[in-house]
Engineer: 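So that we are looking at the same thing, I have put the structure below in structure tokens.
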Amino acid sequence: MFNAPLTIGELRVDVAIAFGVNDEFEGSNAQRLAAALVAAERAIRTRALWTKYSPRQKEDAGWQLSFHSQLEDALTSGDIWVAFQPQYDIRTHALVGVEALARWTHPTRGPIPPDEFIVQAEKSQDIYRLTLFVMDHAIRSATQLRERGLDIHMSVNLSATLLDHADLVGTIRVMLTAHHLPPEMLTIEITETAQIENSRQARQTLAQLRRAGIRLSIDDYGTGQSNLEYLTEIEADEIKIDKRFVMTMRDSQRNFEVVKSTIDLAHRLGAVAVAEGIEDAPTMALLEQLGCDVGQGYHLGKPQLFSELTATLAPTHHSRTA
């Protein structure tokens with residue numbers, strides 16, 4: 001059935017399917033269904049046709065079933081917080097930007113990997129509130145940095161699914177006005193996705209963001225729906241090279257060529273090239289030789305509390321030797 005594409009109107013859609021099997025008979029129907037969904041998602045991750053639910057996955061099933069309420073509680077209790085990772089000019093070692101990143105420290109599960117709860121937030125439609133929470137903290141923090149004499153860009157990740165929200169730009173502009181931050185100091189990072197190509201509202205939102213003076217960044221370039229046509233959909237101010245290429249560029253000639261060509265492409269498009277995942281000095285030196293503009297990674301600074309970040313910065317000067 002699913003080997004053949006579905007026909008919807010004039011569109012032909014390829015369909016993939018994975019099964020989750022739960023033959024446990026404990027708990028309510030909702031709990032049993034949640035357990036089957038956990039197994040199905042594991043089948044997708046392992047590229048198996050089907051996976052059977054095991055009792056050790058019970059905690060994950062309950063987690064998914066109550067995710068919305070747990071997220072609500074975490075946002076109000078402070079368990080979800082914002083970390084800030086510095087970005088440096090690779091040539092001068094000057095601090096030029098900071099990326100705001102959502103973090104969740106669960107009272108019983110401990111730190112939850114961002115990939116895990118962000119993906120779940122997208123599925124449960126909670127990603128909008130989570131993004132606005134991070135956006136508000138990021139803009140407020142950028143204003144505090146400006147008050148210290150640090151005019152640097154603040155970057156915030158934005159799921160492309162949110163570009164369909166017609167009120168998104170207006171909400172961001174209200175935040176910028178409330179915190180007195182010039183729009184050009186905010187950079188919105190958009191992960192590659194085919195959704196933009198298929199959505200008129202998404203393209204309109206991107207155009208509105210640019211007209212508002214907000215910088216746009218293509219995040220994780222080289223992964224997912226990566227193609228040259230995508231670059232025509234977003235007039236990006238910067239292109240971020242995914243860390244999996246940067247971290248292995250000294251050991252893999254193919255990944256080295258990907259990084260090199262992406263830097264050249266960014267410059268030809270008049271964009272800033274940003275390398276993520278810089279873990280050591282040799283990689284930093286190699287990126288400098290290639291002409292990469294901005295670097296980010298544990299070698300330069302880990303994601304940290306805002307108070308930790310500001311403690312390392314001089315109060316009236318925006319450069320620091322990394």
Side-chain angles (χ1 to χ4, degrees), residues 75 78 80-89 92 94-103 114 118 127-160 162-163 165-191 204-219 234-240 270-272 274 276 293-296 300-301 303-320:
L75 286 170
I80 291 181
W81 51 283
V82 180
F84 297 88
Q85 186 169 29
Q87 301 170 328
Y88 290 94
D89 184 296
T92 67
L95 179 70
V96 294
V98 177
E99 181 178 2
L101 300 163
R103 293 291 184 264
I118 289 174
I127 189 64
Y128 190 53
R129 182 175 178 193
L130 178 61
T131 299
L132 294 184
F133 172 85
V134 175
M135 186 80 67
D136 185 65
H137 277 261
I139 292 173
R140 185 191 317 145
S141 299
T143 300
Q144 293 176 15
L145 290 174
R146 290 193 80 219
E147 293 171 350
R148 297 170 60 95
L150 297 160
D151 284 330
I152 59 178
H153 296 288
M154 178 64 69
S155 298
V156 180
N157 290 286
L158 182 72
S159 170
L162 298 182
L163 293 174
H165 283 254
D167 61 341
L168 176 67
V169 179
T171 302
I172 295 174
R173 294 182 70 172
V174 167
M175 291 181 181
L176 290 168
T177 301
H179 295 299
H180 308 289
L181 184 71
E184 62 270 17
M185 304 309 296
L186 177 65
T187 300
I188 289 182
E189 298 185 7
I190 302 168
T191 302
Q204 290 177 350
T205 300
L206 289 171
Q208 291 170 1
L209 289 169
R210 287 194 63 85
R211 286 197 298 270
I214 297 169
R215 298 176 76 248
L216 296 179
S217 172
I218 296 177
D219 194 17
I234 301 179
E235 296 181 34
D237 298 281
E238 70 176 37
I239 296 176
K240 298 190 75 173
V272 173
V274 181
E276 296 184 288
D293 302 297
V294 177
Q296 177 178 348
L300 298 170
Q304 56 201 272
L305 291 168
F306 186 70
S307 58
E308 296 174 333
L309 175 68
T310 56
T312 65
L313 303 177
T316 59
H317 196 269
H318 67 266
S319 67
R320 170 195 169 198

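Predicted, not measured: the structure shown is a model, and the values here were computed from it.
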Engineer: Please determine whether the number of non-hydrogen atoms from other residues, nucleotides or ligands lying under 6.0 Å from atom CD of Glu235 exceeds 12.
Structural biologist: no
Engineer: Going by atom types alone, do Gln87 and Gln296 pair a side-chain donor with an acceptor below 3.5 Å?
Structural biologist: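 Yes, because at least one side-chain N or O of Gln87 sits under 3.5 Å from a partner of the opposite role on Gln296.
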Engineer: So do the side chains of Val294 and Lys240 get within less than 4.5 Å of each other, counting heavy atoms only?
Structural biologist: no
Engineer: Measure the CG-CG distance between Leu95 and Leu145 for me, rounded to the nearest 0.5 Å.
Structural biologist: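 These two atoms lie 8.0 Å from each other.
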Engineer: Quick check: closest heavy atoms across Thr205 and Leu163, and the distance to 0.1 Å?
Structural biologist: OG1-O, 2.7 Å
Engineer: In Å and rounded to the nearest 0.5 Å, what is the CD1 to OG1 distance from Ile214 to Thr187?
Structural biologist: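 These two atoms lie 9.5 Å from each other.
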Engineer: Which heavy-atom pair separates Leu75 from Arg129 by the least distance, and what is that distance?
Structural biologist: CD1-NE, 3.6 Å
Engineer: Taking the side chain as every heavy atom from C-beta outward, state whether Gln144 and Phe306 have any atom pair closer than 4.5 Å.
Structural biologist: yes
Engineer: Count the heavy atoms belonging to other residues, nucleotides or ligands that lie under 6.0 Å from CZ of Arg173, then report whether that count exceeds 12.
Structural biologist: no
Engineer: Can you find a pair of side-chain heavy atoms, one from Asp237 and one from Arg210, that are under 4.5 Å apart?
Structural biologist: yes
Engineer: Of all the heavy-atom pairs spanning Asp167 and Tyr128, show the shortest one and how long it is.
Structural biologist: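 That closest heavy-atom pairing would be OD1-OH, 3.3 Å.
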Engineer: Locate the shortest heavy-atom distance separating Phe133 from Val82; write the atom from each residue and the value.
Structural biologist: CE2-CG2, 4.1 Å
Engineer: Is there a side-chain contact between Phe84 and Glu308 (heavy atoms, below 4.5 Å)?
Structural biologist: no
Engineer: Between the side chains of Ser217 and Glu238, does any donor sit under 3.5 Å from an acceptor?
Structural biologist: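 The criterion, which ignores hydrogens and geometry beyond distance, is satisfied for Glu238 and Ser217.
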Engineer: With side chains defined as the heavy atoms from C-beta onward, is the minimum distance between Leu168 and Thr131 less than 4.5 Å?
Structural biologist: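 They are not in side-chain contact.
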Engineer: First locate atom CG of Leu209, then atom CG of Leu186, and finally report the distance between them rounded to the nearest 0.5 Å.
Structural biologist: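 Answer for the CG-CG pair, Leu209 versus Leu186, is 8.5 Å.
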Engineer: Can you name the nearest heavy-atom pair linking Pro86 to Leu309, along with the distance?
Structural biologist: CB-CD1, 4.3 Å
Engineer: For Leu132 and Met175, which heavy atoms make the closest approach, and how far apart are they?
Structural biologist: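 Scanning both residues, the minimum pair turns out to be O-CE, 3.6 Å.
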